[in-house]
Amino acid sequence: MLIAQLSDPHVREAGVLYQGVVDSNRMFAQALAHLATLDRRPDLIVLTGDLVDHGRPEEYQEVRRLLAATTIPWLAMAGNHDERGAFRAAFHDQAYLSRAGALHFCVDDYPVRIVAVDSCIPGLHHGQVDAAGLAWLEATLSEARDKPTLLMLHHPPFMSGIPYMDTYRCMEPEGLEAVVRAHPQVERVLCGHVHRSMLRRWAGTVVCTAPSTTTEICLQLRPDAAPASVVGPAGCLLHLWDPVHGMVSHLSHIGRFEGPYPFA
C-alpha cells in the first residue's frame with residue numbers, strides 16, 4: 001500500500017493569497033497533480049490538518065473544489081486553523097467523521113489501518129489530547145492489535161528545537177505516549193503543523209512531520225529566533241507499506257527539476 005501525506009495547504013477563498021503573499025490554492029492543486037505523476041499511484045491520500053487558513057465556509061468550498069480534481073481516495077483531519085463546525089459541514093459526506101465533539105476517526109478499509117486523533121483545542125493554536133481522547137485511542141487501537149496502523153495527529157508531540165513552533169506543539173504528551181507505546185502495531189505517527197519534514201523516535205515508533213504544500217517554516221534553532229517562513233520547495237510524504245519489508249517513508253518534492261539523468 002502506498003499512502004500519500006499532504007499537509008497544511010492553508011487554502012483561502014478563491015482569488016485570495018495566503019498571508020497576502022502566496023497562492024496556496026494553486027500550490028495545493030499542484031500537490032494533488034504531483035501525486036498523479038508518480039510512477040506508482042497512491043492508494044490513499046491523508047490530509048493532516050490546516051486544510052484552510054481561517055476556518056471559513058468559503059475556504060472549505062474551495063478545498064472541496066480542488067479535491068474534486070483527484071481520483072485518489074482521501075481522508076481529511078482537522079488542524080488548529082480549521083473550525084470544527086465548518087469542517088463538519090464541508091465534509092458532511094465523509095462517513096468516518098463524528099457528528100459532534102472531537103474529530104477522531106478510524107478507517108479500517110485498507111491493508112494499513114488509519115487512526116486519527118483530534119489534538120486541537122478550539123480557539124487555540126497549541127494542541128493536547130484530553131482524557132476522553134486518550135480513552136478513545138486506547139479502545140480503538142485495542143480493537144486491532146495485530147494490524148499495521150498509522151496514527152495521525154496534527155500537532156507533533158515533541159520539541160523540535162524551533163522556538164516559535166514549540167510553543168504550539170502538542171502539550172503534556174505523556175498520556176499519549178503511554179497509549180502509543182503499549183501498541184507496537186503503530187508503524188508511524190503522522191503529523192503536520194510545523195511546515196517542515198522532521199523525524200523523531202517516540203513511544204517505541206517513529207513520528208514523521210510533513211512539509212506544507214505552501215510555505216516552509218524556517219529552520220532556526222536559536223532560542224531567540226523570530227518567526228519566519230520562506231516559499232521553499234513544497235513537498236509531501238509517501239509511506240510505502242509492504243507486509244514483508246515493513247514501512248518506508250519518502251520525502252517527495254513538488255515541482256519541476258533538471259533530469260532525470262541515466263545514473264543513480
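Predicted, not measured: the structure shown is a model, and the values here were computed from it.
- A donor-acceptor distance shorter than 3.5 angstrom exists from the side chain of Glu59 to the backbone of Gly55, with no hydrogens or angles considered.
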Derivation of the side chain to side chain donor-acceptor pair (under 3.5 Å) call for Ser98 and Arg88 | CA-CA 8 Å; Ser98 64; Arg88 279 195 178 90; 3.3 Å; yes
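- Leu150 and Val180 fall into different hydrophobic clusters, defined by Ile, Leu, Val, Met, Phe, Trp and Tyr side-chain heavy atoms under 4.5 Å apart, directly or through other members.
- Residues Leu176 and Met152 fall into different hydrophobic clusters, defined by Ile, Leu, Val, Met, Phe, Trp and Tyr side chains chained together at heavy-atom separations under 4.5 Å.
- Checked by atom type and distance alone, the side chain of Arg64 pairs as donor or acceptor with a backbone atom of Ala90 at under 3.5 Å.
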Should Arg181 and Glu138 be marked as a salt bridge (charged side-chain N to carboxylate O under 4.0 Å, His left out) after you check the CA-CA gap, both sets of side-chain angles, and the distance that decides it?
-> CA-CA 11 Å; Arg181 190 176 294 278; Glu138 169 61 36; over 6 Å; no
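- A distance of 7.0 Å separates CG of Leu35 from CG of Leu238, quoted to the nearest 0.5 Å.
- More than 12 non-hydrogen atoms from other residues, nucleotides or ligands lie less than 6.0 angstrom from CZ of Arg99.
- Gln5 and His239 are linked by a side-chain donor-acceptor pair at a separation below 3.5 angstrom, with hydrogens and angles left out of the test.
- When all heavy atoms of Asp43 and Ile72 are compared, the pair lying nearest together is C-CG2, 4.2 Å.
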Derivation and outcome, side chain to side chain donor-acceptor pair (under 3.5 Å), residues Arg26 and Gln30 = CA-CA 6 Å; Arg26 175 182 57 81; Gln30 289 175 337; 3.3 Å; yes
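- Tracing side-chain contacts under 4.5 Å through hydrophobic residues (I, L, V, M, F, W, Y), one never reaches Met171 starting from Leu134; they form parts of separate clusters.
- The closest side-chain heavy-atom distance from Ser7 to Asp50 is not below 4.5 Å.
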Test side-chain contact (heavy atoms from CB on, under 4.5 Å) on Leu32 and Leu6 and set out the steps.
-> CA-CA 9 Å; Leu32 292 168; Leu6 301 180; 3.7 Å; yes
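- Residue Tyr18 holds its OH atom at 9.5 Å from CZ of Arg12, rounded to the nearest 0.5 Å.
- A donor-acceptor contact closer than 3.5 angstrom links the side chains of Ser119 and His155.
- At least one donor-acceptor pair under 3.5 Å links the side chain of Gln185 to the backbone N or O of Leu141.
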Begin from the C-alpha positions of Ser229 and His195 and carry the test side chain to side chain donor-acceptor pair (under 3.5 Å) through to its verdict.
-> CA-CA 9 Å; Ser229 296; His195 290 221; 5.7 Å; no
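- Here the CZ-CG distance, from Phe28 to Asp23, works out to 13.0 Å after rounding to the nearest 0.5 Å.
- In this structure, Leu47 and Leu75 have side chains that are not in contact, with every pair of non-hydrogen atoms separated by 4.5 Å or more.
- Between Ser160 and Arg169 the shortest side-chain heavy-atom distance does not fall below 4.5 Å.
- Between the OG1 atom of Thr167 and the NE2 atom of His125 there is a distance of 12.0 Å, given to the nearest 0.5 Å.
- Two residues are said to be in side-chain contact when any heavy atoms from C-beta on lie closer than 4.5 Å; Phe158 and Glu177 fail this criterion.
- At distances below 3.5 Å, at least one donor-acceptor pair connects side-chain atoms of Asp166 with backbone N or O atoms of Gly161.
- Here the SG-CD1 distance, from Cys170 to Ile121, works out to 8.0 Å after rounding to the nearest 0.5 Å.
- Heavy atoms from other residues, nucleotides or ligands lying under 6.0 Å from OH of Tyr96 number more than 12.
- A donor-acceptor pair under 3.5 Å links the side-chain atoms of Glu83 to the main chain of Gly85, judged by distance alone.
- Checked options Leu190, Asp8, Leu199, Val194; the residue passing with Thr209 is Val194 (criterion: side-chain contact (heavy atoms from CB on, under 4.5 Å)).
- Follow the hydrophobic side-chain contacts under 4.5 Å out from Tyr60 and you never reach Val16; the two are in separate clusters.
- His183 is listed as a side-chain neighbour of Arg145, based on a closest heavy-atom distance under 4.5 Å.
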List the steps, then state whether side-chain contact (heavy atoms from CB on, under 4.5 Å) holds for Leu137 with His104.
-> CA-CA 9 Å; Leu137 179 60; His104 312 312; over 6 Å; no
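- Residues His253 and His34 share a closest heavy-atom pair of O-CE1, 3.2 Å.
- Closest approach of Asp82 and Met77 over heavy atoms only: OD2-O, 4.3 Å.
- Closest approach of Ser249 to Arg188, counting heavy atoms only: OG-NE, 3.1 Å.
- Under 3.5 Å, the side chains of His10 and Ser212 contain no donor-acceptor pair of N or O atoms.
- Annotation: side chain of Met198 is in contact with side chain of Ile162 (closest heavy-atom distance under 4.5 Å).
- A pairwise comparison of heavy atoms in Arg41 and Pro73 identifies NH2-CD, 4.3 Å as the closest pair.
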Using the side-chain contact (heavy atoms from CB on, under 4.5 Å) rule, take Leu17 and Val22 through it: C-alpha gap first, then chi angles, then the decisive distance, then the call.
-> CA-CA 5 Å; Leu17 298 179; Val22 182; 5.9 Å; no
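- In terms of heavy atoms, Leu51 sits closest to Ala76 at CD2-CB, 3.9 Å.
- Two residues are said to be in side-chain contact when any heavy atoms from C-beta on lie closer than 4.5 Å; Val21 and Thr215 fail this criterion.
- By the criterion of side-chain heavy atoms lying less than 4.5 angstrom apart, applied directly or through intervening Ile, Leu, Val, Met, Phe, Trp or Tyr residues, Leu38 is grouped together with Leu67 in one hydrophobic cluster.
- With rounding to the nearest 0.5 angstrom, the CD atom of Glu216 is 9.5 Å from the OG atom of Ser197.
- A 6.0 Å sphere centred on CG of Asp224 holds more than 12 heavy atoms belonging to other residues, nucleotides or ligands.
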Step-by-step side-chain contact (heavy atoms from CB on, under 4.5 Å) determination, Val112 to Glu187 = CA-CA 9 Å; Val112 175; Glu187 292 284 337; over 6 Å; no
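- With His193 as the partner, the ring pair (Phe, Tyr, Trp, His ring centres under 6.0 Å) test is satisfied by one option alone out of His81, His126, His154: His154.
- Looking only at side-chain heavy atoms (C-beta outward), Trp136 and Val117 come within less than 4.5 Å of each other.
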